[in-house]
Amino acid sequence: MIVAIDGPSGVGKSTVGRAVAAHLGLPYLDTGAMYRAVGLAVLRRGLRLPLADAAEVGRIAGALDVTVTGSATDGRTFLDGEDVSADIRSPEVSRYASAVAAVPAVRRRLAARQRELALAGGGVLEGRDIGTRVVPEADFKFFLTARPDVRARRRWEELHAKGTPQPLERVLAETVARDRADETRADSPLRCDESYRVVDTSELSAREVVERLLAIVAGAAAGG
Ligand code: DC
């Protein structure tokens, strides 16, 4: 079984995706972590934003070994063998991830790898283009949404809990900027279509979202 979960940043895809995968006994793939790992590598090479040379970014990405472990409980991201799970979560890497995600050569490579993993073992995949490009034939396609202020607050709480607080206005501005970049890039932008089930999570807890998704999956299994 393949479950695609797409939506903008801070909507709760990871929390929900992990729980859904654990309940269904499926591998879990955080595809954003792959873009983040490439973003981190590009940042470490000293390239500045906005990225001026897409060909160079493509070359850097092409030589990297990016591995994301497919476990729902202990997802880790490795860049050329180094565990970068914590490093890829900084606001700076978020900006680089969004920038490298607009480079077609990077998308081609990562999307092909993601598709391979999904077809090999099934799974819950979360990202921006899972249902539109990576596995359009997924058994279930969910599009999570939430108001930008709600998403920014969730992200703000996360940063606070991690001990790296940021002003809320700044988190909101960055959330909106990243949405815009992800929705307007030419290559596989974040886009919802009628093949998705849309779930607005603004007023729901993560647990309620998980229950809703699992009910839809169970309903389909029961023929409903
Ligand atoms: O989900 P996230 O915030 O970890 O994703 C990081 C960036 O990667 C985000 O700005 C959009 C991009 N991304 C993408 O373009 N396609 C995906 N399937 C997943 C993430």
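One-based numbering, in listed order, for ligands and for the atoms of each. Positions are given from 1 along the sequence.
- Side-chain atoms of S94 and R36 form a donor-acceptor pair, as typed in the model, at a separation below 3.5 Å.
- Other residues, nucleotides and ligands place no more than 12 heavy atoms under 6.0 Å from the CZ atom of R153.
- Evaluated by nearest non-hydrogen atom to atom 12 (C) of ligand 1, the leading choice among A101, A99, P8 is A101.
- For atom 9 (C) of ligand 1, the nearest protein heavy atom (residue, atom name, distance) is R178 NH1, 3.3 Å.
- Listed by first then second residue, pairs satisfying salt bridge (charged side-chain N to carboxylate O under 4.0 Å, His left out) with a partner in residues 24-35 read D30-R89, not counting sequence neighbours.
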Contacts under 3.5 angstrom, residues 47-59 side chains, donor-acceptor by atom type, not counting sequence neighbours:
unit_1	atom_1	unit_2	atom_2	d
D53	OD1	A55	N	3.2
D53	OD1	E56	N	3.1

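- Among all protein heavy atoms, the one lying closest to atom 19 (C) of ligand 1 is T31 OG1, 3.4 Å.
- Rounding to the nearest 0.5 Å places CD of Q166 at 13.0 Å from CG of L172.
- Residue nearest to atom 1 (O) of ligand 1, selected from K13, Q114, R128, R95: R128 (by heavy-atom distance).
- For atom 16 (N) of ligand 1, the nearest protein heavy atom (residue, atom name, distance) is R107 NH2, 3.0 Å.
- Residue, atom and distance of the protein heavy atom nearest to atom 4 (O) of ligand 1 are R36 NE, 2.6 Å.
- Considering backbone and side-chain atoms alike, D182 places an N or O below 3.5 Å from some N or O of ligand 1.
- Counted by atom type alone, R133 and S188 present one or more donor-acceptor pairs between their side chains at under 3.5 Å.
- Side-chain atoms of D182 and S98 form a donor-acceptor pair, as typed in the model, at a separation below 3.5 Å.
- The side chain of R185, and not its backbone, has at least one atom closer than 4.0 Å to an atom of ligand 1 (non-hydrogen atoms only; side chain from C-beta on).
- Protein heavy atom at the shortest distance from atom 8 (O) of ligand 1 is Y35 CB, 3.4 Å.
- Within ligand 1, counting atoms from 1 as listed, the ones closer than 4.0 Å to a heavy atom of S98 are 10 (O).
- Taking every heavy atom of both residues into account, L24 and M1 meet most closely at CD1-SD, 4.1 Å.
- Side chains of E126 and T31: no donor on one and acceptor on the other come within 3.5 Å.
- Distances below 4.0 Å separate heavy atoms of G127 from the following atoms of ligand 1: 17 (C), 18 (N), 19 (C).
- Against a heavy-atom cut-off of under 4.0 Å, D129 is close to the following atoms of ligand 1: 16 (N), 17 (C), 18 (N).
- Remark: distances from the non-hydrogen atoms of M34 to ligand 1 are all 4.0 Å or more.
- For ligand 1, the polar-atom distance check finds no N/O of S9 at less than 3.5 Å from any of the ligand's N/O atoms.
- Which parts of ligand 1 touch A97 is read off a 4.0 Å heavy-atom cut-off, strictly below it: atoms 6 (C), 7 (C).
- Below 30°, between 30° and 60°, or above 60°: for F140 and F142 the angle between ring planes is below 30°, a parallel geometry.
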